Structure formats: structure tokens, C-alpha cells
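Input: a single structure, listed below in C-alpha cells.
Numbers here simply count residues along the sequence, with the first being 1. Quantities reported herein were computed from a predicted structural model and do not represent experimental measurements.
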Amino acid sequence: MESKRVSWYHGVIFVVFAIVECEVSMIYSLQAPIYPPEAISKNATGTEYSLVLASYDLARVVLYPLSAIMTQKIGARRTFNIGISIESASTLAFGFLTYADDLGVFLGFSFLLRILEAAGVTAASMGIFSLVGKEFPKSTGSVLAVLESMFGVGMAIGPVVGSLLFEAGGFLLPFIVFGCIYIVTGLLFNIIVFGCRTEEHVDPAEKDDTPQVYYKYWDMVRIPAVLWLGVCTFFIYICLTFVLTVLEPYLTQLFIMSHAIIGLIFLVPAATFLLSASIAGILDKRISRKAILIFTLAGGILLALAYFFVGPVYFVNVPPSLALICVSLALLGLGVGFSYGTICSLIFDEARRAGFTNNEAASAVLSAFMMSSIAIGNIVGAAVAGILWDQVGFRMGTVLPLVTALVLILCILAFGTWRILQKPIPDDDEERKPILEEHKRR
């Protein structure tokens with residue numbers, strides 16, 4: 001009976017973590033189909049509004065390492081509550097930018113509120129990721145990999161929800177709805193996660209009796225294999241963010257369709273991303289590392305195929321069509337899900353090989369590194385997409401993410417070749433030889 005209570009509690013906690021992680025990430029991509037037309041109505045250029053979108057990720061690059069430190073100092077609960085409060089307030093305020101007629105005021109407050117949104121999402125996510133190390137110390141890697149995927153799912157479905165709400169009530173409505181959702185989410189999260197937990201919900205098998213270790217962000221960056229996989233993640237998210245940034249104006253240019261229909265088109269990569277990421281998570285503990293690498297490589301190949309036909313690229317003598325765009329977006333979602341979903345697992349393997357333990361501090365630093373890699377990719381993808389859209393158009397511009405996908409394939413092949421030649425990861429903690437020299441113990 002005790003075991004069933006423990007299993008039930010951790011099942012509920014896992015679902016809550018996944019839902020909240022998906023929610024907090026949706027504000028990132030929610031604006032992809034609705035902010036550009038609002039900015040254009042204020043006479044903003046593609047470069048200007050793409051830089052506003054990219055500022056979110058620029059802030060996250062700086063804030064994730066700081067949030068990892070903050071989590072270890074003040075705890076996961078306070079970090080989460082600070083984050084969800086900032087996110088709620090900034091999201092509500094962003095909707096009122098529709099009443100700013102002056103372009104300078106509109107862009108200035110857009111940058112400010114977008115950065116505050118990034119601060120809120122970063123702190124809230126870091127609080128959740130850190131709690132994983134506490135609630136699931138023996139399965140931290142697998143749980144974090146799923147939550148990282150849910151963050152990606154939230155990014156993918158945000159445009160759909162944003163478009164539908166925009167169609168129903170204009171620019172203000174999506175931000176009012178999500179601001180209120182975040183307030184309710186913060187209250188429910190505290191009640192369910194922190195209010196219901198007692199010692200009887202702690203499974204003895206899940207307890208980590210090893211001394212707690214503090215880690216620094218640099219401890220993760222200095223591991224060569226992890227850094228290499230971080231670069232691969234950077235390339236993956238350049239490919240994803242490029243199309244999220246300029247797909248809406250491209251579709252508007254080609255076809256006459258409502259924002260709701262455009263939002264449904266954004267749902268195509270979201271659905272295939274969820275499918276492929278789920279498959280990657282299910283297979284993680286059931287197949288060998290070599291097989292995992294095959295899925296990672298397949299993801300890179302799918303990304304290249306997606307960008308070959310989504311425009312299509314200018315040197316392909318095929319006219320653009322809605323069906324071809326949707327098929328390419330489906331391949332894009334599959335590619336991101338397979339490649340990033342498996343890279344999550346590989347990063348945790350490499351951290352374990354280097355001596356990282358499954359605890360709250362390690363979860364915070366690992367997650368900070370991974371999300372920083374995503375953020376840098378998003379910055380480059382969004383900024384370059386806007387510039388290329390203004391200068392050469394969509395079809396010519398897709399050459400960049402196509403080349404990026406091809407470079408990703410080469411990086412995966414190089415990593416796989418190197419890893420196959422190395423010794424397997426030891427199962428016994430005593431056999432591991434940490435490369436990390438000094439940690440501050442509690």
C-alpha cells in the first residue's frame with residue numbers, strides 16, 4: 001500500500017511538472033504569428049520585430065546560469081514562485097502594447113517586457129528542473145529529458161493557441177488569458193507539489209544518500225562531449241526558430257488565410273515533434289546507445305529534407321504549395337523531436353560519465369546548460385530569419401537553415417564515431433572517475 005501511495009504521488013507530480021513546463025514555454029512562441037502583424041501595423045520592419053523576438057533568448061542565455069545559482073541559494077520553491085510571478089505580470093502587460101501608437105514606445109516596451117518574460121520563464125523552469133533532482137533522484141536524466149521535450153512542445157503549440165485567441169479577441173486577449181493562467185498555475189503548483197508532499201511519499205528506493213554536491217555552470221561547459229552536444233542543440237534550434245519567425249508572413253504572402261488557419265499550420269510541427277520526442281523517450285532505456293545515435297542522425301537528416309522543400313529552396317524548380325509546406329513542417333517536427341530528444345539522453349550520459357550525481361544541484365546546472373544552448377540557437381535563428389526575410393526573401397533565406405542541418409549531420413557523425421571508439425559508461429558509481437576537481441559539500 002505504501003508503494004502505491006508513493007507511485008501515485010510521483011505520477012501526479014510528474015504530470016504536473018510536464019503540464020507546467022509546457023505552459024511556461026508557450027509564451028515564447030505564442031507571439032510568433034501575432035506579434036509580426038501587430039508590429040507591422042506600427043510600421044516596424046522585419047529586422048526590428050525579429051530582434052524583439054530574439055531578445056527573449058538573449059536574456060535567457062544570461063539568466064539561466066544565474067537562475068541555477070539562485071536555485072542552489074534560495075531553493076527551488078522560491079525560485080519557481082518568483083519566476084511565475086514575473087511571467088504573469090509581464091504577460092498581462094504585453095497585451096496592452098496594442099494601445100502604443102508610437103513605434104519607439106512600442107518597440108521599447110516590447111524589448112523590456114520580452115526580457116521580463118524570459119526572466120520569469122527561466123526562473124520557473126529552473127525551479128521545476130531542480131525539483132526533479134529531489135523528487136526523482138534515481139531517474140533524473142529520463143525525467144528531465146521528458147520535461148525538456150515538453151518545453152519544446154509548448155514552444156510548438158504556442159502559435160496555434162495564440163492565433164486562435166488573436167482571431168477571437170485581437171492582440172490583447174491571448175496575453176490576458178495566459179497571464180491569468182500563469183497566476184492560477186502558480187497557486188495550484190504550490191498546493192499540489194509543496195502542500196501535499198509528506199515523508200510517506202518518499203520512496204526509499206528513490207532516496208539519494210550520497211552527500212549533496214554543489215556544481216557550477218562551468219563544470220558542465222568544461223566537459224568536451226557535453227559541449228559538443230550543446231553545439232548540436234544550438235544547430236537544431238536555429239532550424240526550428242528560423243521557420244517559426246518568418247512562416248506567418250510567408251504564408252500571408254502566398255495565400256489568403258485567417259490567423260486561425262495559420263495557427264493550425266503551426267500545429268503540424270508541434271504534433272510531429274510531440275510524436276517523435278515521445279518515441280525517443282520511450283526508446284531511451286530500451287535500446288543501445290549506438291541505436292540512440294542512429295535516431296539522432298535520422299533527426300538531422302529529416303531537418304535537412306524539411307528545409308529543402310519548405311520554401312522550397314530557390315534552386316529547386318518546384319513551385320511552393322500549401323501541401324508541400326505542411327509536409328516539410330511535419331518533417332521539421334520529426335527531425336527536432338528525434339535529434340533533440342536523443343541528445344538530451346546523451347548529454348546526461350556524458351555528465352554521468354564525468355562524475356555528475358543525480359541531485360538537485362546537478363539538475364539545475366544540467367538544465368541551465370541545455371536551455372542556454374537552445375536560447376543561443378533561438379537568438380541566431382530568429383535574428384537571421386528576420387534579416388534574410390527583409391533582404392532576400394523566404395526561399396533564398398532557407399539556404400541558411402539547410403546548410404545548418406547539413407553541418408548538424410556532420411557533427412552527429414563525428415560524435416558518434418568518437419563515442420563508439422570509447423569505453424562504455426560504467427554502471428557502478430564507484431567506477432566513475434570524475435573530472436571535476438572541487439565541489440563545495442553541505
For residues 117-124, tabulate all N or O donor-acceptor pairs below 3.5 Å that involve a side-chain atom, not counting sequence neighbours.
{"unit_1": "E117", "atom_1": "OE1", "unit_2": "Q31", "atom_2": "NE2", "d": "3.1"}
{"unit_1": "E117", "atom_1": "OE1", "unit_2": "R114", "atom_2": "NH1", "d": "3.4"}
{"unit_1": "E117", "atom_1": "OE2", "unit_2": "Q31", "atom_2": "NE2", "d": "3.4"}
{"unit_1": "T122", "atom_1": "OG1", "unit_2": "A118", "atom_2": "O", "d": "2.6"}

Would you be so kind as to tabulate the donor-acceptor pairs closer than 3.5 Å made by side chains of residues 392-402, with sequence neighbours excluded?
{"unit_1": "R395", "atom_1": "NE", "unit_2": "P312", "atom_2": "O", "d": "2.7"}
{"unit_1": "R395", "atom_1": "NH2", "unit_2": "V316", "atom_2": "O", "d": "3.2"}
{"unit_1": "R395", "atom_1": "NH2", "unit_2": "V318", "atom_2": "O", "d": "3.4"}
{"unit_1": "T398", "atom_1": "OG1", "unit_2": "R395", "atom_2": "O", "d": "2.7"}

Distance-only polar pair, side chains of T296 and T342, donor-acceptor under 3.5 Å:
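T342 and T296 do have a side-chain donor-acceptor pair below 3.5 Å.
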
With sequence neighbours left out, which residue pairs that include part of residues 246-255 fulfil the side chain to side chain donor-acceptor pair (under 3.5 Å) condition?
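Matches after skipping sequence neighbours: E248-T252.
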
Less than 4.5 Å apart, any side-chain heavy atom of W418 and any of W228?
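Heavy-atom side-chain distance check fails, nothing below 4.5 Å.
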
For Y35, which residues count as a ring pair (Phe, Tyr, Trp, His ring centres under 6.0 Å) partner, sequence neighbours excluded?
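F94, F106.
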
Contacts of F235 that satisfy ring pair (Phe, Tyr, Trp, His ring centres under 6.0 Å) - sequence neighbours left out
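For F235 there are no ring pair (Phe, Tyr, Trp, His ring centres under 6.0 Å) partners, ignoring immediate neighbours.
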
Test Y340 against every option in F273, F234, Y237 by the ring pair (Phe, Tyr, Trp, His ring centres under 6.0 Å) rule and name the one that passes.
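Single pass found, and it is Y237.
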
Main-chain N/O of S85 paired with Y182 side-chain donor or acceptor, under 3.5 Å:
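No; zero donor-acceptor contacts below 3.5 Å.
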
Find the distance between [atom1] ([X]) and [atom2] ([Y]) and round it off to the nearest 0.5 Å.
X    : Y    : atom1 : atom2 : result
L66  : M126 : CG    : CE    : 10.0 Å
I128 : T71  : CD1   : OG1   : 11.0 Å
C411 : L406 : SG    : CG    : 11.0 Å
S67  : F80  : OG    : CZ    : 13.0 Å
N81  : R77  : CG    : CZ    : 6.5 Å

Report the residues that fulfil side chain to side chain donor-acceptor pair (under 3.5 Å) with E23, sequence neighbours left out, ordered by chain and then residue number.
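Expected list: T185.
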
